[in-house]
Chemist: 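Let me begin by handing over the structure; questions about it come next.
Throughout, numbering of the chain's residues begins at 1 and tracks the sequence. The structure presented is a predicted model; accordingly, all values stated were derived computationally and were not measured.
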Amino acid sequence: MRILCIGDIVGKPGRRVLADCLKGFTREQSIDVVIANAENAAGGSGLTPQMFDKLRRYGVHGVTMGDHVYRRAEICQTLATSDRIVRPANLPAEAAGRALTAFEQDGRRVAMFSLLGRMFMKMPVDCPFHAADAVLAQVPEDVKVVVCDLHAEATGEKLALARHLAGRVSVVFGTHTHVPTADEQILAGHTAYITDVGMTGPYDSILGRQVKPVLAASITGMPHPFDVADGDVRMCGIVADVDDSTGAATAVQRVRVDLPPDSGEIGDGEGDDGGA
Ligand SMILES: [Fe+2]
Ligand SMILES: [Fe+2]
């Protein structure tokens with residue numbers, strides 16, 4: 001099967017490029033399953049149930065989150081009820097949401113989970129290496145295809161986690177930095193890997209936020225509201241080819257789809273973000 005994994009969807013621009021381009025791309029590329037990190041979908045931080053539903057309509061089959069998972073508390077109802085979204089696996093057992101899910105898309109079964117890194121991350125979390133082992137022990141025997149979103153800052157930590165997962169997971173795609181890396185590869189003849197797929201959002205920005213206030217805050221040391229930018233909008237991710245019967249990835253490639261500059265006003269025509 002062909003799996004598209006895309007990185008942090010940032011605000012309206014990120015949702016817009018998916019609304020306009022995702023279904024066409026998946027048709028052209030014969031994509032079977034689309035997995036997206038949506039921790040920044042709501043005004044740049046968090047995800048609401050309404051936006052989750054929108055992303056599903058745009059063609060996203062599975063949603064992962066990150067350190068902003070609970071930024072919009074309303075998402076807890078979706079985390080409790082839907083098998084198409086997971087919270088990071090190395091949060092406390094009491095945290096709302098599933099650490100692992102296995103869902104069926106057009107007859108193909110896929111297991112999905114995510115891990116938070118610990119280096120340069122504000123949120124204190126359990127050891128991602130041990131959490132990964134615990135989660136993988138729970139994958140149903142008949143589900144061969146497993147996808148992991150590695151949500152972390154430090155490249156070294158991501159590479160170490162990827163090597164820990166190599167041979168046991170079909171696809172490991174890095175998220176959180178919002179900057180794509182060029183190191184896509186197959187590890188242990190089984191695991192498609194990239195350190196970061198980059199964000200799905202506005203690249204005329206600093207990590208999706210408007211340049212001016214980020215620069216002003218950096219230069220003056222004073223707080224400024226970091227509104228979501230809107231220029232140079234792209235969808236970024238990887239496409240992995242995976243053998244359904246073994247779960248082994250056979251190919252991986254980086255992909256990028258640009259929202260045409262003449263697309264008109266940014267927004268997905270389905271209501272406001274409700275603030276940044
Ligand atoms: Fe993010
Ligand atoms: Fe993040």
Chemist: Just by distance, no angles: are the side chains of T64 and D149 close enough, under 3.5 Å, to form a donor-acceptor pair?
Modeler: yes

Chemist: Taking all non-hydrogen atoms of both residues into account, name the closest pair between A166 and A188 and its distance.
Modeler: CB-CB, 3.9 Å

Chemist: Can you find a pair of side-chain heavy atoms, one from H164 and one from L159, that are under 4.5 Å apart?
Modeler: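 H164 does not reach L159 side chain to side chain.
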
Chemist: Considering non-hydrogen atoms only, spot the tightest contact between V171 and I238 and give its length.
Modeler: CG1-CD1, 3.9 Å

Chemist: For H151 and T175, does a side-chain donor sit closer than 3.5 Å to a side-chain acceptor?
Modeler: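 Yes, because at least one side-chain N or O of H151 sits under 3.5 Å from a partner of the opposite role on T175.
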
Chemist: Before giving the answer on salt bridge (charged side-chain N to carboxylate O under 4.0 Å, His left out), spell out for D244 and R108 the whole-Å C-alpha distance, their side-chain angles and the decisive distance to 0.1 Å.
Modeler: CA-CA 8 Å; D244 297 51; R108 300 166 190 275; 2.9 Å; yes

Chemist: Taking L259 as the starting point, is it possible to reach F25 by hopping between hydrophobic residues whose side chains are less than 4.5 Å apart?
Modeler: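 In one cluster: yes.
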
Chemist: Picking from K122, E153, H176, what satisfies side-chain contact (heavy atoms from CB on, under 4.5 Å) with D67?
Modeler: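 The passing option is H176.
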
Chemist: Could you check whether any side-chain N or O of K144 sits under 3.5 Å from a backbone N or O of E141, counting only pairs where one atom can act as donor and the other as acceptor?
Modeler: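 Between the backbone of E141 and the side chain of K144 there is a qualifying donor-acceptor contact (under 3.5 Å).
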
Chemist: Whether the side chain of N37 engages the backbone of E39 through a donor-acceptor N/O pair (distance < 3.5 Å, no angle test) should be reported.
Modeler: yes

Chemist: Tell me whether M65 shares a hydrophobic cluster with M121, the cluster being built from Ile, Leu, Val, Met, Phe, Trp, Tyr side chains joined at under 4.5 Å.
Modeler: yes

Chemist: Treating Ile, Leu, Val, Met, Phe, Trp and Tyr as nodes and any side-chain heavy-atom pair under 4.5 angstrom as an edge, say whether V146 and F173 lie in one connected cluster.
Modeler: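 Per the 4.5 Å side-chain linkage, V146 and F173 are not co-clustered.
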
Chemist: Passes side-chain contact (heavy atoms from CB on, under 4.5 Å), L150 versus L116? Steps please.
Modeler: CA-CA 6 Å; L150 208 49; L116 280 175; over 6 Å; no

Chemist: Quick one: closest heavy-atom pair of A192 and A240, and the distance?
Modeler: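 Taking every non-hydrogen atom into account, CB-CB, 3.9 Å.
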
Chemist: Which pair of heavy atoms, one from C21 and one from V257, lies closest together, and at what distance?
Modeler: CB-CG1, 3.8 Å

Chemist: Would you say the side chain of V169 lies within less than 4.5 Å of the side chain of F113, judging by non-hydrogen atoms?
Modeler: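 In contact.
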
Chemist: Could you identify which residues cluster with M222, counting Ile, Leu, Val, Met, Phe, Trp and Tyr as linked when any side-chain heavy atoms lie under 4.5 Å apart, either directly or through a chain of such contacts?
Modeler: none

Chemist: Checking the side chain of R84 only, and the main-chain atoms of G62 only, is there a donor and an acceptor separated by less than 3.5 Å?
Modeler: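 Checking the backbone N and O of G62 against the side chain of R84, no donor-acceptor pair under 3.5 Å is found.
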
Chemist: Return the CD1 to CZ distance between I206 and R209, rounded to the nearest 0.5 Å.
Modeler: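 Rounded to the nearest 0.5 Å, the CD1-CZ separation comes to 12.0 Å.
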
Chemist: Say you draw a straight line from CD1 of I85 to CE of M112; how long is it, rounded to the nearest 0.5 Å?
Modeler: 7.5 Å

Chemist: Answer with yes or no whether the side chains of D183 and T195 bring together a donor and an acceptor at under 3.5 Å.
Modeler: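 The answer is yes; a qualifying pair exists.
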
Chemist: Using a 3.5 Å distance criterion without hydrogens, assess whether the side chain of R15 forms a donor-acceptor pair with backbone atoms of A41.
Modeler: yes

Chemist: How many angstroms lie between atom CG of L207 and atom CG of D8, to the nearest 0.5 angstrom?
Modeler: 10.0 Å

Chemist: Please determine if D142 and R109 form a salt bridge, counting it only when a charged side-chain N lies under 4.0 Å from a carboxylate O.
Modeler: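 Yes, D142 and R109 are salt-bridged.
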
Chemist: Check whether K23 reaches the backbone of G59 with its side chain - one donor and one acceptor, N or O, closer than 3.5 Å.
Modeler: no

Chemist: Please tell me whether D241 and T250 have a donor and an acceptor in their side chains that are separated by less than 3.5 angstrom.
Modeler: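 Note: D241 and T250 side chains miss the donor-acceptor criterion.
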
Chemist: Indicate yes or no for a side-chain donor-acceptor contact from R168 to the backbone of H190 under 3.5 Å, with no hydrogens or angles considered.
Modeler: no

Chemist: Has S82 got a side-chain atom pairing as donor or acceptor with L79's backbone, closer than 3.5 angstrom?
Modeler: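 It does not hold such a pair.
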
Chemist: If hydrophobic clusters are built from ILVMFWY residues whose side chains come within less than 4.5 Å, do V17 and V63 share one?
Modeler: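 Yes.
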
Chemist: Can you tell me how far the CZ atom of R163 sits from the OG1 atom of T191, to the nearest 0.5 Å?
Modeler: 9.5 Å

Chemist: If you take all heavy atoms of A229 and D204, which pair is closest and at what distance?
Modeler: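 Heavy atoms of A229 and D204 come nearest at CB-O, 3.6 Å.
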
Chemist: Assess whether side-chain contact (heavy atoms from CB on, under 4.5 Å) is satisfied between E157 and F120, documenting all intermediate values.
Modeler: CA-CA 10 Å; E157 183 181 30; F120 312 122; over 6 Å; no

Chemist: Between CD of Q29 and CG of L4, what distance do you get to the nearest 0.5 Å?
Modeler: 9.0 Å

Chemist: Would D258 and V233 count as a side-chain contact (heavy atoms from CB on, under 4.5 Å) if you check the C-alpha gap in whole Å, the side-chain angles of each, and the deciding distance to 0.1 Å?
Modeler: CA-CA 6 Å; D258 294 14; V233 182; over 6 Å; no

Chemist: Mind listing the closest non-hydrogen atom pair of V10 and G44 along with its distance?
Modeler: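 The pair with the smallest heavy-atom distance is CG1-CA, 4.5 Å.
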
Chemist: What pairs of residues pass the side chain to side chain donor-acceptor pair (under 3.5 Å) test when at least one of them lies in residues 89-100, not counting sequence neighbours?
Modeler: none

Chemist: Might you work through the side-chain contact (heavy atoms from CB on, under 4.5 Å) test for I6 and V197, ending with a clear yes or no?
Modeler: CA-CA 6 Å; I6 61 177; V197 286; 5.8 Å; no

Chemist: Strictly below 4.0 Å, N to O, side chains only: are R2 and D32 in salt-bridge contact?
Modeler: no

Chemist: Do L136 and L100 land in one hydrophobic cluster if side-chain heavy atoms of ILVMFWY residues count as linked below 4.5 Å?
Modeler: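 Yes: a chain of side-chain contacts under 4.5 Å links L136 to L100.
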
Chemist: Side-chain contact test, heavy atoms from C-beta onward, threshold under 4.5 Å: evaluate it for I194 versus V252 and give yes or no.
Modeler: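 I194 does not reach V252 side chain to side chain.
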
Chemist: Using modelled atom types only, decide if a donor and an acceptor are shared between the side chain of Y70 and the backbone of A96 within a distance under 3.5 Å.
Modeler: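 Flag set: sc Y70 to bb A96 pair under 3.5 Å.
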
Chemist: Under the 3.5 angstrom rule, does the side chain of H224 hit a backbone N or O of V214 as a donor-acceptor pair?
Modeler: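 Not confirmed, H224 side chain does not pair with V214 backbone.
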
Chemist: Return the set of residues passing side-chain hydrogen bond (donor to acceptor under 3.5 Å, both in side chains) with R254 (not counting sequence neighbours), or none when no residue passes.
Modeler: E184

Chemist: Going by the side-chain contact (heavy atoms from CB on, under 4.5 Å) test, name the single residue among M235, H178, R256 that passes it with T200.
Modeler: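 Single pass found, and it is M235.
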
Chemist: Establish, for the pair R234 and Y203, whether the NZ or CZ atom is under 6.0 angstrom from the six-membered ring centre and no further than 45 degrees off its axis.
Modeler: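 Geometry flag: set, cation within 6.0 Å and 45°.
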
Chemist: Within this structure, what is the OG1-CG distance for the pair T78 and L47, rounded to the nearest 0.5 Å?
Modeler: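 Atom-to-atom, T78:OG1 and L47:CG are 7.0 Å apart.
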
Chemist: With a 4.0 Å cut-off, would you call D230 and R16 a salt bridge?
Modeler: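 Answer for the salt bridge query: no.
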
Chemist: Would you confirm whether S170, through its side chain, and V242, through its main-chain N or O, come within 3.5 Å as a donor-acceptor pair?
Modeler: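 Side chain of S170 to backbone of V242: no pair is present.
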
